[in-house]
Amino acid sequence: MTFSVHGLPVARGIAIGRAVLMASSRVDVAHYFIEAGQVDSEIARVRAGRNAVVDEIHRLQQTISLMGPKEAPHELTALLDVHLMLLQDEELISGVKRWITERLYNAEWALTTQLEVLARQFDEMEDEYLRERKADLEQVAERILRYMKGVASPVAAPVSPRRKTQQDLLLDDTMDVPLVLIAHDLSPADMLQFKQSVFAGFVTDVGGTASHTAIVARSMDIPAVVGARSASQLVRQDDWVIIDGDAGVMIVDPSPIILAEYGFKQRQAELERGRLSRLRHTPAVTLDGQKVDLLANIELPGDAPGAVTAGAVGVGLFRSEFLFMGRKGDLPGEDEQYLAYRRAVEGMQGLPVTIRTIDVGADKRLDDSLRDDAHLNPALGLRAIRWSLADPAMFLTQLRAILRAAAHGQVNLLIPMLAHASEIRQTVSLIDFARAELDNRGVAYGPVKLGAMIEIPAAALTLDIFLKYFDFLSIGTNDLIQYTLAIDRADESVAHLYDPLHPAVLRLVAETIAACNARGKGVSVCGEMAGDTTLTRLLLGLGLRSFSMHPARILAVKQEVLRADAGRLAPWAQQFLLAEDPARLLAG
């Protein structure tokens, strides 16, 4: 019987094949109390399990170093690094020891208890990307548990010979039937094994659009759906499955008609992908000669070469907070940050790189001393530039590192979440102070263009102040929509109200673009709207000439740009600013 399972679309495309169920990585844990004399031996068991996982990751890293970028993209290296950091996290280690020593929990019980404590901290984080790191913590703990129990790593086993069905007959008999993976979750190590296998796509029960699994899926260009909840329980081994990565749907046991329809869509998508690849070196210019800059959003220094390969003409957003994540008080120093930023700048081969200063806050604490449970709405609390200004020493360290990296190429410095003139003046003053410190030390640094994120309605309504101080503005539509509509985009109960085409949102975006254009200042959109091809023509019509997005979206957006006449789109776009329901106008 045909049925569908809905999840989150994280990597576009269609995969059709037989289901391979991967054994759940969840391990049953015994709970019992130990004797005082067993404390040292229980701690030693946890330590041995942790060391075994560290050794496994080191072996995987050595394997990756011998592979090409297609077999093991740089995202996997970064994910393994994160797992190593979590394994060496003092809060995880000391917490497990405390449960064993003080409560006399057995080793497995102590590990899962500490996992629950840390998982709650991740759940409280407002930032979606950092909140998704809880899955990495769980994967690390589960791997330790497997080693402690002697359970094998959940690598997919070979599938038994398949019977020929009516669906098989619709595929070319001369080729092997593709396989798709169905799992509860996938760790970076699982993803590496996945890449070396024959799987055409995957579905997981858990995960979000910002999870590491989703990031790797996009980098590998593999059709994928995550957060499909009970998918691994509903699908049987060897079932026919269609993964629609565009819609975030998995269709199980499709009828011949449905299978033929998706087979046609798949072939069309492959042809379209081939056509798009030919646009990689084509300048993004509209039909009426308007040059458009298509930039990349990156999270790691190693993402830069991939952005160049995708055809980006620069980095519009380098999320520097990734360098600070999971450090537990051991924040990266000036030299470490400088080398990371320099690597990104040099990786872009002379193209500009926009580095956003750290965007964390009270909800995303980097040190235990920063925790403050009294603030129940961290999205409105001490985060982003507010957090940086509250810790000038940390902020100056980052500013000096960015300024030093600017000596090696074009660097733009982007400040997040500004709303007040006083914040702007403080920030500018600290940047000047950072330059003075480098001068006093005789350390080389380069010039930077200074920009501000427009992601709070108050900022969008006081553009004159911003344009007085900044060389360019970058519209962070994800937060701008959230704050304008008072919608938590991570809250499923109100997610349907998160609307980029709401009249208020469109007017704020349009006014920001118009004000920058009138003053000859640069302006870009770096939120999800930039990579949404259904909105490309609208943004062009509103006067936008700089889009920053995930590298995988660049060619699709470029195609829209090449087909557009910006001059003719302008009066059409103005209609959206007067419409009661712009979404209906776009559909029409």
Side-chain angles (χ1 to χ4, degrees), residues 25-58 79-125 127 130-149 187-189 212 321-333 336 358 360-374 378 387 391 394:
S25 60
R26 303 288 176 179
V27 178
D28 292 331
V29 175
H31 295 69
Y32 57 87
F33 292 100
I34 62 173
E35 299 293 333
Q38 297 175 285
V39 167
D40 290 342
S41 61
E42 290 297 287
I43 292 176
R45 287 207 301 127
V46 177
R47 185 182 299 113
R50 184 196 67 178
N51 292 341
V53 177
V54 170
D55 290 341
E56 178 192 37
I57 291 178
H58 283 152
L79 306 193
L80 293 176
D81 288 341
V82 169
H83 277 213
L84 278 177
M85 284 193 295
L86 290 171
L87 284 165
Q88 296 161 356
D89 174 26
E90 183 58 33
E91 191 169 353
L92 174 64
I93 298 168
S94 61
V96 173
K97 289 181 179 179
R98 186 170 61 251
W99 294 118
I100 295 174
T101 304
E102 297 179 4
R103 298 285 184 89
L104 297 180
Y105 288 174
N106 67 297
E108 290 87 353
W109 188 4
L111 179 59
T112 55
T113 299
Q114 186 62 14
L115 171 63
E116 291 172 1
V117 170
L118 297 177
R120 284 196 297 272
Q121 296 176 7
F122 277 89
D123 285 335
E124 294 169 1
M125 295 179 176
D127 183 88
L130 294 179
R131 189 168 60 243
E132 291 290 352
R133 301 290 70 77
K134 182 179 76 169
D136 298 291
L137 179 66
E138 293 173 339
Q139 290 167 358
V140 163
E142 288 164 8
R143 285 183 175 273
I144 296 174
L145 288 170
R146 280 200 300 272
Y147 274 100
M148 291 169 64
K149 292 178 65 70
S187 73
H212 272 157
E321 54 269 16
F322 191 90
L323 300 175
F324 294 73
M325 193 176 66
R327 304 293 292 253
K328 300 302 178 184
D330 181 24
L331 302 185
E336 181 181 345
I358 184 171
V360 297
D363 61 311
K364 298 167 283 184
R365 60 192 180 106
L366 302 180
D367 187 292
D368 290 345
S369 65
L370 297 174
R371 185 165 183 79
D372 188 352
D373 292 324
W387 193 89
D391 189 350
M394 181 281 301

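Source: prediction; values computed, not measured. One is the number of the first residue; the rest follow in order along the sequence.
- Taking every heavy atom of both residues into account, Ala107 and Glu42 meet most closely at N-OE1, 2.8 Å.
- Across every non-hydrogen atom of Phe324 and Pro332, the tightest pair is CD2-CD, 3.8 Å.
- Counting heavy atoms from C-beta on, the side chains of Thr101 and Ile43 come closer than 4.5 Å.
- For Arg50, the side-chain hydrogen bond (donor to acceptor under 3.5 Å, both in side chains) criterion is met by no residue, not counting sequence neighbours.
- The NE2 atom of His83 lies 13.0 Å from the CG atom of Asp89; values are rounded to the nearest 0.5 Å.
- Atom CD of Glu142 and atom CG of Leu137 lie 9.5 Å apart (nearest 0.5 Å).
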**Message:** If you apply the rule side-chain contact (heavy atoms from CB on, under 4.5 Å), what do you find for Val140 with Val53, and how did you get there?
**Reply:** CA-CA 8 Å; Val140 163; Val53 177; 5.6 Å; no
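- Counting only heavy atoms from C-beta outward, the side chains of Ile93 and Leu87 never approach each other to under 4.5 Å.
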**Working for side-chain contact (heavy atoms from CB on, under 4.5 Å), residues His58 and Leu80** = CA-CA 9 Å; His58 283 152; Leu80 293 176; over 6 Å; no
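- Taking OG1 of Thr112 as the reference point, atom CD of Glu138 lies at 12.0 Å (rounded to 0.5 Å).
- Nearest heavy-atom pair across Gly49 and Met148 is CA-CG, 4.4 Å.
- The shortest non-hydrogen separation linking Leu115 to Ala141 is CD2-CB, 3.9 Å.
- What you find for Ile144 and Val46 is that their closest heavy atoms are CG2-O, 4.2 Å.
- Residue pairs meeting the salt bridge (Lys or Arg N to Asp or Glu O under 4.0 Å) criterion with at least one member in residues 92-107, sequence neighbours excluded, do not occur.
- The side-chain hydrogen bond (donor to acceptor under 3.5 Å, both in side chains) search around Arg47 returns none, not counting sequence neighbours.
- The shortest heavy-atom contact between Leu92 and Gln114 is O-CG, 3.8 Å.
- Distance check: Asn106 CG to Trp99 CH2 gives 13.5 Å after rounding to the nearest 0.5 Å.
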Report all side-chain donor-acceptor pairs from residues 33-41 shorter than 3.5 Å, counting only partners two or more places apart or in another chain.
from: Gln38; atom 1: OE1; to: Glu35; atom 2: N; distance (Å): 2.7
from: Ser41; atom 1: OG; to: Gln38; atom 2: O; distance (Å): 2.8

